[in-house]
Amino acid sequence: LSSRASGILSALNIPLNKELSGVYDGQWKGSGEVIESVCPTTGEVLARIRTASPADVSETLTKTREAYLQFRDVPAPRRGEILRQIRERLANKREELGALVTLEMGKIRSEGVGEVQEFIDICDYAVGLSRMMNGRIVASERPGHSILEVPNPLGVVAVLSAFNFPVAVYGWNLALSLAAGNATIWKPSPTTPLTSIAVTSIIAEALSKNNLPGALAGLVTGGQPVGEVLVGSKEVELVSFTGSERVGRIVGQAVVSRFGKSILELGGNNASIVMPDADLSLAVPGVFFGAVGTAGQRCTSTRRLFLQRDIAPEFLQRLQKLYASLKPGDPLDDNTLLGPLHTPAAVNLYESTVEYLRSIDADILFGGKGYEMTPYDGGNFVQPTIAVPKSVEMSDRIWSTETFAPILNVAIFDELEEAIRWNNAVPQGLSSSLWTRDLRNVGKWTGPSGSDAGIVNVNAGTSGAEIGASLGRESGGDAWKQYVRWSACTINFSNEAPLAQGVNFNI
Ligand code: UN1
C-alpha cells in the first residue's frame with residue numbers, strides 16, 4: 001500500500017494488507033464475496049473486504065431487531081445523550097474520516113471533511129430533537145375524552161446510501177432514526193466500504209461504552225443481493241434509499257408491495273437561472289461550484305444553466321475563464337479543486353454523453369475530453385465541460401436525463417417565465433437556483449408559479465444545502481416524523497362511553 005493511503009488508514013485503526021470484515025452486528029464478520037476498495041485518484045487497491053452473504057444479512061437483521069426491542073424503551077432524551085457521545089467521537093476523528101472519504105470516494109479534502117461535519121451537525125440537531133419530538137393533544141368531540149398523537153419508535157430502519165456522500169447520507173438517517181428509538185442497518189455503496197467500516201467502528205465504540213448492542217447501528221456491505229434482502233424483508237419497517245431513479249423505482253415498488261415505508265432521495269437535474277440584473281461576481285463562482293464541485297457528482301450539482309440573452313456572452317466568458325484555471329490534482333492536496341470521478345464507469349458515462357453532444361451538433365465551449373496530464377495515470381480524471389445544445393426542447397434526452405459527471409448544458413432565454421418553464425419541464429425535481437437582484441423575480445420564483453423543485457434558492461447555488469431545512473425528506477426540519485410510528489390514542493376519562501359522531505348503539 002502506498003504511503004499516501006497507509007497513513008490515512010492507520011489513523012483510523014484500519015488494518016493494512018489484511019482482508020477486512022464488512023459486516024457488523026455487534027461482532028465483525030462476513031462470509032460473502034470479497035470486494036476491493038479502489039482509490040479513484042490512483043487506481044490503487046486500498047483494501048479487500050469480505051461482504052455480507054444473504055445469511056449474514058438475515059442474522060444481522062435478527063440482531064438488529066433484538067437491539068430495537070431493547071432500545072425502544074430507552075427514553076428519548078437518553079437516546080439523545082448517546083447521539084451526543086457519537087457526535088463527540090466523530091468530531092475527534094473529523095479530519096481523519098474526511099481524508100478517508102477523499103481517499104476512497106475522490107472528492108477534495110475540504111468536501112470530505114465537510115460531509116463529516118454534516119454528520120456532526122445532524123447529531124447536534126438530533127440531540128435537541130430528542131427532547132422535542134412532541135405529539136399533539138387533539139380536541140375530542142366527546143366529553144371527558146382526550147386524543148393524543150404519540151410518536152413511538154418505528155422498528156428497524158435500513159439505510160441504503162450512495163457513493164457520493166458516503167458519510168453524510170448515513171448520518172442524516174442514523175441520527176434521526178436513533179433519536180426516534182429505532183435500530184438501523186446500513187448498506188453503503190459497494191464502492192465505499194472502507195468509509196462505512198470506519199464510521200461504524202466509531203459508532204460501535206459509543207454504543208458499547210453505554211452497554212448498548214452494536215446491532216443498533218449494524219452494517220452489511222455488499223451489492224444488489226444484500227440490498228434485495230433488506231428491501232424485501234418484513235423485518236424492515238422503513239427503507240431509506242439514496243441513489244439513482246432507476247434503482248429507486250425498483251426499491252419503492254418492492255417496499256410498497258409489502259406495505260412497508262420508504263424514503264427515496266433520487267436524481268436531480270438541477271438548473272441555475274441568471275437574470276440580467278444578477279450580481280455576476282456572485283453568480284459566476286456560484287454556478288462554477290455548482291457544476292464543477294465534487295466533479296459534478298452531487299445529486300444537487302448544477303446540470304443546466306439558463307442565461308438571459310443580454311448577459312449570456314459576458315457570463316460565459318467569465319465562466320470559461322474559471323474552468324480554464326482548474327487543474328486536476330490529488331484531492332488530498334489542499335490546493336486541488338478538481339478530483340477524479342469515482343469510477344471508470346463514470347468516465348465512460350461522461351465520454352458517451354460528450355459523444356452524444358457532438359452527435360447533436362452542440363457547441364462545446366469548454367472541455368469534452370479526458371485529461372492528458374493527470375497526477376496519476378490510474379485516476380478517473382475528466383475535463384469539466386460546458387456545452388450549448390442547439391435544441392432547447394427540455395424533453396430531449398440531453399436535457400431530460402441526469403448525467404452524473406461535470407457536464408453543464410447551457411440555453412439562452414429572453415423572459416424569466418420561459419426559464420422557469422424549462423426549469424420545471426424535466427422529470428426530476430431536486431434543486432434549483434435563481435440569480436437576481438429584483439424582488440419581483442424572487443416572488444415569482446418562490447411562489448406557486450415558480451420552481452417546482454424541493455430546493456428553491458436565490459443568489460445561492462443548487463448544491464451545498466444545510467441540514468435541517470428540507471420539509472419532509474431526509475435531514476429536513478420535519479424529517480423525523482417519518483422515522484416514528486404515530487399512535488392516535490383516544491382516552492376516555494369519564495364515567496360514560498359515548499360513541500363518536502353521535503352514533504346511538506344502546507340496547
Ligand atoms: C447528494 O448529493 O446525495 O446539498 C446530497 C448538498 C449536500 C447534499 C447532497 N448537502 O449538496
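In each ligand, atom 1 is the first atom listed, and ligand 1 is the first ligand listed.
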Please tabulate, one pair per line, all N/O donor-acceptor pairs under 3.5 Å involving side-chain atoms of residues 89-100, not counting sequence neighbours.
{"residue": "R89", "atom": "NH1", "partner": "E205", "partner atom": "OE1", "Å": "3.2"}
{"residue": "N92", "atom": "ND2", "partner": "E88", "partner atom": "O", "Å": "3.4"}
{"residue": "R94", "atom": "NH1", "partner": "Q117", "partner atom": "OE1", "Å": "2.8"}

Would you compute the distance between atom CZ of F241 and atom CD1 of I250 and round it to the nearest 0.5 angstrom? 8.5 Å
dist I8:CD1 -> L46:CG (nearest 0.5 Å) comes out at 9.0 Å
Can you pull every nitrogen or oxygen pair between ligand 1 and the protein closer than 3.5 angstrom?
{"residue": "ligand 1", "atom": "2 (O)", "partner": "N164", "partner atom": "ND2", "Å": "3.0"}
{"residue": "ligand 1", "atom": "2 (O)", "partner": "C299", "partner atom": "N", "Å": "2.7"}
{"residue": "ligand 1", "atom": "4 (O)", "partner": "G464", "partner atom": "N", "Å": "3.2"}
{"residue": "ligand 1", "atom": "4 (O)", "partner": "A465", "partner atom": "N", "Å": "2.7"}
{"residue": "ligand 1", "atom": "10 (N)", "partner": "E118", "partner atom": "OE1", "Å": "3.2"}
{"residue": "ligand 1", "atom": "10 (N)", "partner": "E118", "partner atom": "OE2", "Å": "3.4"}
{"residue": "ligand 1", "atom": "10 (N)", "partner": "A465", "partner atom": "O", "Å": "3.1"}
{"residue": "ligand 1", "atom": "11 (O)", "partner": "R298", "partner atom": "NH1", "Å": "2.8"}
{"residue": "ligand 1", "atom": "11 (O)", "partner": "T300", "partner atom": "OG1", "Å": "2.6"}
{"residue": "ligand 1", "atom": "11 (O)", "partner": "G464", "partner atom": "N", "Å": "2.7"}

With sequence neighbours left out, write down each residue that passes ring pair (Phe, Tyr, Trp, His ring centres under 6.0 Å) with W445, or none if nothing qualifies.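 If we apply the ring pair (Phe, Tyr, Trp, His ring centres under 6.0 Å) test to W445, skipping adjacent residues, there are no hits.
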Check E81 with R84, please: is the shortest side-chain N to carboxylate O separation under 4.0 Å? yes
Give me each pair satisfying salt bridge (charged side-chain N to carboxylate O under 4.0 Å, His left out) with a member in residues 105-120, each pair once, sequence neighbours excluded. K107-E115, R109-D334, E111-R298
